Peer 1: 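Structure incoming, see below.
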2 protein chains.
Amino acid sequence: MTPTDTARDAPRACFIAAGLEVLGERWALLALREMSLGVHRFDQIARNTGASRDILTSRLRTLESHGVIERVQYSEHPPRHEYHLTTSGAEIAPILISLAAWSSTWMRDETPRASYRHSCGADLEPVLTCAECGEEFRPGSLMLGPLVSTADPVPVNQQRQI
Amino acid sequence: MTPTDTARDAPRACFIAAGLEVLGERWALLALREMSLGVHRFDQIARNTGASRDILTSRLRTLESHGVIERVQYSEHPPRHEYHLTTSGAEIAPILISLAAWSSTWMRDETPRASYRHSCGADLEPVLTCAECGEEFRPGSLMLGPLVSTADPVPVNQQRQI
DNA sequence: CTGAGTCGGTTTGATTTTCCAACTAACTTG
DNA sequence: CAAGTTAGTTGGAAAATCAAACCGACTCAG
């Protein structure tokens, strides 16, 4: 049994699968994209993503329940809320950036699309490096590590802020 | 009209949305994860992801039609194929890595899960930097750029290999 | 040669999700 | 007072997904 095998019948439980349970539902990443771009209100998020309102409601509740976004009240009467990224939510930026960069390299077609830039003004050309060794992550440099659960202490700088 | 607004009724056409059309369908990223880990056969991909066989078939066809993976024949009688990442497919690694890193920071709970490492042996701690200015991408450093289509020349080092 | 097993699917029918348009409640604005 | 705004909810149809069974073309053990 090599390290990449799993038991005969159990899907591989890994952090990629876990992340997708929250971020992988339809419209979730697009809603987070909007908040990253400074759009915080329900109607505008619905329009800019194209999600139907009922599904968007459901996604925002899921994201909120996982601490990725929070509802911030901006009106008392009637009660009205804006959606804002938490620290956890802001840290999905590398996912969006990697996705945008991949897509702008490989998904070009006749459709005109908004591209993205780094705040320095340059076209998006992100480089992913390993904080430990400083080397760039090359395709194939992703390896399986050990099983991890809450029993393992979480570094203080990575503790969840709600 | 600020740069983050779209027309009253049109969703924002951007490269994030475009990428999600291919990579955002259920099971697509998990299938690509398996191929990244060296699992190339239908049955094993189905088992390791948990996808049902019919929708996995459909996903693999979609990924193939977008040039993200390719079918490689490994048996003539009966005809049997393995699924392999193309160059384009291998370059989704930063997306998977960013997702795994985010998830291992923010999605810890009682469930034991496989973690990932860089090939140097270190725990996954990726840093995303701008190739142009060398600065790290910070949350909020993603800005909208201009509209782009195929009319724009694609850099030679980014041309699609099939 | 027979029977079991493997592999990569396809088929079937039930379940779940998503979509869309309309509707609502509680306001604000002209 | 009528119209508009905002953040949803509701209902019914359409689409996607699910699980399990089935299939054809093989291989392999006995």
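Owing to the predicted nature of the structure, the values given are computational and were not obtained by experimental measurement. Residue numbers start from 1 in every chain, and the chains themselves are labelled A, B, ... in the order their sequence lines are given, proteins ahead of strands.
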Peer 1: Tell me: NE2 of A:H81 to C1' of D:dT5, nearest whole Å?
Peer 2: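 Those two atoms, NE2 and C1', are 16 Å apart.
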Peer 1: How about B:F137 and A:H118: are their ring centroids closer than 6.0 Å?
Peer 2: yes
Peer 1: Validate the cation-pi geometry between A:R47 and A:F42: distance from NZ or CZ to the six-membered ring centre under 6.0 Å, angle to the ring axis within 45°.
Peer 2: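 Negative - A:R47 is either too far from the ring of A:F42 or too far off its axis.
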Peer 1: A:L56 has an atom CG; how far is it from atom C1' of D:dG8, in whole Å?
Peer 2: 10 Å
Peer 1: Take atom CH2 of B:W27 and atom P of C:dT17, then tell me their distance rounded to the nearest Å.
Peer 2: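 Between P of C:dT17 and CH2 of B:W27: 12 Å.
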Peer 1: Of B:Y83 and A:S52, whose nearest nucleotide on DNA chain C comes first from the 5' end?
Peer 2: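 On the 5' side of the pair lies B:Y83.
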Peer 1: Side chain of B:D54: nearest nucleotide among C:dT11, D:dG8, D:dT17?
Peer 2: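 From the listed options, C:dT11 comes nearest.
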Peer 1: Would you please confirm or rule out a distance under 4.0 Å between OP1 or OP2 of C:dG9 and any side-chain N or O of B:R71?
Peer 2: yes
Peer 1: Round to the nearest Å and state the distance from A:E76 atom CD to D:dT6 atom P.
Peer 2: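 These atoms are roughly 19 Å apart.
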Peer 1: Between A:S58 and A:D54, is there a donor-acceptor pair closer than 3.5 Å when you use the side chain of the first and the backbone of the second?
Peer 2: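 Pair absent, no side-chain N/O of A:S58 close to backbone of A:D54.
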Peer 1: Where the side chain of B:R61 is concerned, which of D:dC18, C:dA22, C:dG9 is the nearest nucleotide?
Peer 2: C:dG9
Peer 1: Ignoring the backbone of B:R53, work out which of D:dA7, D:dA21, D:dC26 is nearest its side chain.
Peer 2: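 Of the candidates, D:dA21 comes closest.
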Peer 1: Using atom CG of B:N48 as one end and atom C1' of C:dG8 as the other, report the distance to the nearest whole Å.
Peer 2: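 Value for this atom pair: 16 Å.
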Peer 1: Rounded to the nearest angstrom, tell me the gap between atom CZ in A:F42 and atom C1' in D:dT5.
Peer 2: 14 Å
Peer 1: In whole angstroms, how far is the P atom of D:dA7 from the CD atom of A:E64?
Peer 2: 14 Å
Peer 1: With the side chain of B:T57 defined as its heavy atoms from C-beta on, choose the nearest nucleotide among D:dG8, C:dT10, C:dA26.
Peer 2: C:dT10
Peer 1: Output the rounded distance in Å from CD (A:Q73) to P (C:dC27).
Peer 2: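 From A:Q73 CD to C:dC27 P: 12 Å.
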Peer 1: C:dG8 base to B:R80 side chain: any donor-acceptor pair below 3.5 Å?
Peer 2: no
Peer 1: What's the closest nucleotide to the A:I55 side chain, out of D:dC18, C:dC7, C:dT18?
Peer 2: C:dT18
Peer 1: Would you say a side-chain N or O of A:R59 is under 4.0 Å from OP1 or OP2 of C:dT17?
Peer 2: no
Peer 1: Using atom types as modelled and distance alone, determine if a side-chain donor or acceptor of A:S141 lies under 3.5 Å from a backbone N or O of A:R138.
Peer 2: yes
Peer 1: Looking at D:dT9, D:dA25, C:dT11, which one has an atom nearest to any side-chain atom of B:P78?
Peer 2: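 Shortest atom-to-atom distance from the side chain points to D:dA25.
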Peer 1: Name the closest nucleotide to the A:D43 side chain, picking from C:dG9, D:dT6, D:dT17.
Peer 2: D:dT6
Peer 1: Check for me whether A:R33 meets the cation-pi criterion with A:Y116, that is, NZ or CZ under 6.0 Å from the six-membered ring centre and within 45 degrees of the ring axis.
Peer 2: no
Peer 1: On DNA chain D, nearest-nucleotide positions of A:R41 versus A:R26: which is more 5'?
Peer 2: A:R41
Peer 1: Do any N or O atoms from the side chain of A:T49 and from the backbone of A:I45 form a donor-acceptor pair under 3.5 angstrom?
Peer 2: yes
Peer 1: By nearest atom, which of the nucleotides D:dA7, D:dT17, D:dG8 is closest to the A:Y74 side chain?
Peer 2: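 Of the options given, the side chain of A:Y74 lies nearest D:dA7.
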Peer 1: Just compare D:dG8, C:dG9, C:dC27 and give me whichever is closest to any side-chain atom of A:H77.
Peer 2: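 Taking heavy atoms from C-beta onward, the closest nucleotide is C:dC27.
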